[in-house]
Amino acid sequence: MDGMSTDNNHDGVDESRRTFMKATGAATAAAGLGATSTAAGDEKRSKRLEDLIDGMTIEQKVGQMAQVAIDNLGEGFGPDTAFNDHDDAGTLGKLFSELHVGSILNGGATGPTFDGEEFVEGLNGLQEYNLEVNEPAIPFVWGCDALHGNCLLDGCTSFPQRLNMGATRDVDLVEAAATHTGDSVAAIGGHWNFGPTLDVLRDMRWGRYFEGHSEDAMLLGEMGRARARGFQRNERVAATVKHFAGYGTPNTGSDRTHARTSMRDLRTRQFEPYRRGLEEAKTVMVNSGAVNGKPAHASSWLLTTVLRDRFGFDGVVLTDWDDFERMLSNHEYLPDTDDGWREAVRQGIEAGVDMHMCGGETAPTEFIDTVIDLVESGDLSEARIDESVRRILELKADLGLFADPLAPEDEIGDIVGGAADISEQLAKESLVLLQNEDDALPLALEDVDDLLLTGPGVHEGTPNRFLMQHGGWTLGWQGIEDGNLTEDGPRPRQNTIEGELTARLGDGLTHVPTEYEPAVYESLYENFDNGFFDVTDEQAAAISEAAPGSDAVVVVLGEGTHNEGFGDRDKMRFLEAQRELVELVDSETGDDVPIIGVILAGSPRGTAETFQHLDAVLFAGQPGSDTGVAVVDTLFGDYNPSGKLPFTWESHVGHVPQIYDEYPPRHPDGAGDQMVQFEFGHGLSYTDWEYVDLSLATDSVKNPASRPTVTAHVTVENAGETAGEHVVEIYNTESYGSVLQPHRRLMGFERIALEPGERETVAVDLDLSTLEVVPGDVPGWGPRVVEAGEYELAVGADWGVNASDDADDGATATLTVGKTASITDPEPTPGRYDIDGDGDEDFEDVMALHRRLKHRKWRR
Ligand code: BGC
């Protein structure tokens with residue numbers, strides 16, 4: 001890696017580790033395989049890598065291509081630990097001594113321990129053992145899912161989930177959080193973080209909706225690039241762009257199903273976030289689903305033609321969990337037989353996979369033996385295996401693993417639970433004020449003597465748990481301890497809504513918790529509810545007693561913690577117990593008592609049926625560790641909300657998906673009010689924001705390929721009486737071309753902060769590649785281009801479907817593009833000239849094309 005030399009790495013190695021490395025021969029395998037920064041260094045390293053690969057047996061090579069899941073079942077790191085039941089190798093140690101495994105992971109945000117110091121000691125111990133027994137002594141690369149902070153550790157900072165990050169539009173702060181995460185992963189001895197997740201979001205029924213940042217490809221891509229950069233900043237950790245490609249738009253709303261997309265959609269919107277993330281990330285994880293009838297893991301078009309040839313990616317491609325096996329069991333693409341499995345492995349590696357993640361279903365021996373057999377029988381070339389091994393060893397060299405395979409053991413103590421300032425600010429910026437009738441919010445502390453807090457998931461204890469504020473991938477796959485919370489189990493560092501309200505109001509707070517049982521994942525398919533919620537008779541009676549005398553009521557609503565397919569849901573409206581809870585509060589309070597709804601959920605949860613009973617609604621999402629401070633500061637006006645929805649909130653689950661950048665007509669004329677509840681970009685403030693003027697550094701761009709960015713200037717005024725932060729977003733609202741243009745497109749955004757009465761002229765860089773379309777007829781094979789023409793731009797308009805005729809149109813400008821040109825996609829589309837469909841574009845294709853043209857002439 002740039003700027004990092006082998007010598008520098010060695011400077012950090014203490015004497016005992018140096019002795020150890022010499023003794024184990026690590027130094028021999030490692031010689032000269034540090035990160036390099038010069039062409040000569042690169043050349044030397046390549047030569048050494050080739051020598052290393054040349055000396056490896058096929059068993060040793062294929063072992064490098066296996067990544068094996070060890071999880072908390074193993075309860076420890078020792079070589080004799082029985083690591084799991086999905087391998088017949090018996091113990092963890094044999095993975096290295098007999099199978100030469102090159103990588104291990106802890107899936108599901110749980111490791112063998114929740115203690116950071118034990119973690120690094122354990123991983124170092126295991127690495128030492130590996131280097132002693134593995135031939136050649138190649139260090140393993142260890143991966144995990146530290147997806148919103150390193151939430152594998154007791155006391156960790158759980159940063160806001162990805163949907164919240166999207167609401168902030170604060171790319172720099174999101175990057176700072178990722179940097180802390182990367183440091184924490186490195187400090188526990190880890191090397192690989194399986195994020196950022198860059199799947200475009202469109203369907204709130206999908207159980208991974210909370211992970212996706214946004215439905216907008218550019219916003220998502222910018223978040224992703226920044227997060228990948230943050231994870232990798234210390235040069236000891238690799239980031240992963242996942243899940244390539246199309247994983248976020250499952251056709252049925254269910255996880256790991258076929259993608260709802262088209263070639264045009266894939267190329268202009270679905271690929272876009274991955275493309276941006278790939279500018280930084282060293283690795284890619286593949287989509288477990290299928291795209292246009294082909295499992296992504298078997299698609300050489302996706303994994304080689306697009307990923308490598310088009311995007312120039314030369315890093316490691318990793319499968320997702322057991323995904324070769326899934327080609328049989330999930331996709332029914334190949335028969336569920338030994339031959340079917342063998343063919344799945346062959347096709348996956350031929351398509352471009354470098355490493356297979358052996359999860360709970362695939363014994364590493366099964367994968368390794370199959371690959372060896374494929375090579376020995378001539379069905380896979382050894383050269384193809386060498387290619388993958390080379391990429392894997394290069395990754396290890398880049399991460400400095402050959403030079404220094406062990407992590408310092410004194411770093412983690414200072415990192416766990418840190419970056420609280422970043423976490424708190426991100427949490428605040430991520431809250432979206434959806435509704436605020438008669439300025440119900442902010443509450444004035446001096447007017448609130450008695451406040452009733454009710455609803456699920458707001459305090460520290462084990463009943464009525466706080467899991468809802470964190471979501472999945474937090475000290476467990478489905479959420480802390482997978483929902484089976486124990487009194488003395490691990491916890492993130494955290495503050496809660498109940499805790500912070502108590503701090504402010506003391507005896508003035510009446511808290512009536514309601515029932516919440518997380519749906520442990522075995523049961524989730526029974527109800528598609530994301531949790532079991534109830535209000536007991538006693539709780540209802542306590543609410544009826546406290547509500548009439550209260551000055552304000554805060555009702556927490558939402559969904560339980562969940563993840564992946566077990567989080568798939570069929571509802572947008574709140575569950576019955578929550579709907580009835582709100583109705584009860586409404587019936588027990590007078591009109592002058594504000595009822596504030598706070599939604600803790602990883603998706604748009606709630607409909608007008610409930611919102612009509614609430615004066616104000618704050619969508620808090622899953623803000624993580626600092627939920628309590630962020631929400632309570634916002635309720636009392638110590639923070640002025642500034643988050644904007646990163647998705648379209650439909651009116652009802654039956655209207656999913658209503659994406660904001662849909663082709664017109666987005667919905668039948670006049671039906672918008674019934675189909676969309678809150679628009680993408682919606683988010684209220686306690687002050688008024690006015691836009692005075694929008695101008696462009698140039699109104700006319702001759703050739704967007706040579707000028708891909710235009711700076712816009714817009715004057716924004718805080719026209720109210722409260723200081724605040726605000727996100728300025730500039731959209732393309734109208735344009736015409738040779739194909740349909742999306743209803744609206746986000747071209748640039750900027751976060752600002754202004755005092756009351758203050759004005760600022762804000763510079764916003766507009767990314768013209770957001771205007772690219774694929775011209776041509778239905779197949780959509782042509783290059784992506786910005787078409788010549790006029791593009792109407794607007795900022796600060798009221799985009800709401802319910803906006804009245806005299807609603808604010810904001811400020812507008814027109815950009816003229818002189819020449820049709822491509823910014824991101826200057827080559828012909830890969831695959832277009834593969835006429836005979838064999839996966840190659842070669843002489844045979846020229847001949848096939850020639851025959852077709854001849855035939856056509858003759859017919860005429
Ligand atoms: C998920 C991935 C994750 C992997 C390892 C899979 O089930 O789809 O996103 O990185 O598990 O935990």
Side-chain angles (χ1 to χ4, degrees), residues 49-68 86-90 94-103 134-136 138 286 290 294-305 307-308 316-359 361-393 834 836-840 842 844:
L49 264 181
E50 289 315 314
D51 291 347
L52 178 57
I53 296 171
D54 280 352
M56 288 165 80
T57 63
I58 186 68
E59 288 79 10
Q60 291 166 347
K61 290 178 187 176
V62 176
Q64 287 298 315
M65 295 171 71
Q67 180 179 71
V68 183
H86 63 277
D87 177 53
D88 47 14
K94 286 185 187 155
L95 288 182
F96 308 113
S97 59
E98 293 181 10
L99 302 184
H100 311 288
V101 159
S103 179
N134 210 337
E135 266 298 315
I138 297 174
V286 184
K294 189 82 177 173
H297 282 81
S299 169
S300 114
W301 185 75
L302 278 179
L303 303 186
T304 298
T305 314
L307 185 61
R308 299 209 184 275
V316 171
V317 173
L318 172 69
T319 70
D320 201 344
W321 189 266
D322 287 328
D323 271 344
F324 285 164
E325 190 273 337
R326 223 185 289 269
M327 284 197 230
L328 284 49
S329 60
N330 195 45
H331 298 301
E332 300 178 32
Y333 170 68
L334 288 163
D336 194 357
T337 58
D338 289 350
D339 283 351
W341 158 254
R342 190 175 187 277
E343 183 56 13
V345 176
R346 192 193 69 77
Q347 286 194 24
I349 294 177
E350 284 291 16
V353 166
D354 297 313
M355 188 182 275
H356 180 262
M357 188 190 288
C358 303
E361 295 296 322
T362 315
T365 44
E366 213 177 319
F367 168 70
I368 291 170
D369 292 348
T370 305
V371 181
I372 293 172
D373 177 56
L374 282 164
V375 174
E376 286 176 348
S377 62
D379 290 336
L380 253 185
S381 74
E382 191 157 350
R384 172 66 196 87
I385 300 299
D386 288 354
E387 212 173 68
S388 288
V389 174
R390 191 172 298 119
R391 289 185 193 121
I392 293 163
L393 298 184
D834 179 14
D836 58 10
D838 69 349
D840 286 322
D842 53 19
E844 291 305 319

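Only a predicted model underlies this, so the values are computations on that prediction, with no experimental measurement involved.
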Test side chain to side chain donor-acceptor pair (under 3.5 Å) applied to E376 - qualifying residues, sequence neighbours left out = none
How long is the span from the OG1 atom in T362 to the CE atom in M357, to the nearest 0.5 Å?
-> 11.0 Å
Partners of N330 by side chain to side chain donor-acceptor pair (under 3.5 Å), sequence neighbours excluded?
-> none
Sorted by chain and number, sequence neighbours left out, ring-ring contact (aromatic ring centres under 6.0 Å, His included) with H297 holds for none
Would you call E59 and I372 a side-chain contact if the rule is heavy atoms closer than 4.5 Å?
-> yes
R342 vs D379 side-chain heavy atoms within contact, under 4.5 Å = yes
Would you mind reporting whether P136 and M56 have side-chain heavy atoms less than 4.5 Å apart?
-> yes
What is the distance from atom CG of D320 to atom CZ of R326, rounded to the nearest 0.5 Å?
-> 6.5 Å
Looking at CG of L95 and NE2 of H100, how far apart are the two atoms once the value is rounded to the nearest 0.5 Å?
-> 11.5 Å
Would you please name every residue forming a side-chain contact (heavy atoms from CB on, under 4.5 Å) with E343, sequence neighbours left out?
-> L334, R346, Q347
Atom pair CD1/CG of I392 and L49 - distance to nearest 0.5 Å = 11.5 Å
Answer yes or no: is there a side-chain heavy-atom contact under 4.5 Å between K294 and Y333?
-> yes
Under 6.0 Å from the CG atom of D338, do we count more than 12 heavy atoms belonging to anything else shown?
-> no
For residues E382 and K61, determine if any side-chain heavy atom of one lies less than 4.5 Å from a side-chain heavy atom of the other.
-> yes
With sequence neighbours excluded, what pairs up with S97 under the side-chain contact (heavy atoms from CB on, under 4.5 Å) test?
-> K94, Y129, V133
With side chains defined as the heavy atoms from C-beta onward, is the minimum distance between V286 and L302 less than 4.5 Å?
-> no
Where do V68 and F367 land on the side-chain contact (heavy atoms from CB on, under 4.5 Å) test, with the steps shown first?
-> CA-CA 10 Å; V68 183; F367 168 70; over 6 Å; no
Donor-acceptor contact present, side-chain D336 to main-chain L328, <3.5 Å | no
Mind checking the CD-CD1 spacing from Q64 to I368? Nearest 0.5 Å is all I need.
-> 10.0 Å
State, yes or no, whether a side-chain contact exists between F324 and T370 at a heavy-atom distance under 4.5 Å.
-> no
List in chain and number order the residues that pass salt bridge (charged side-chain N to carboxylate O under 4.0 Å, His left out) with E50, two or more places apart in sequence or in another chain; answer none if no residue qualifies.
-> R390
In R391, M65, E387, the residue satisfying side chain to side chain contact (heavy atoms under 4.5 Å, CB included) with D354 is R391
Heavy atoms only: give me the nearest P364-C358 pair and the separation to one decimal.
-> CA-SG, 3.9 Å
Are side-chain heavy atoms of V317 and R308 found at a separation under 4.5 Å?
-> yes
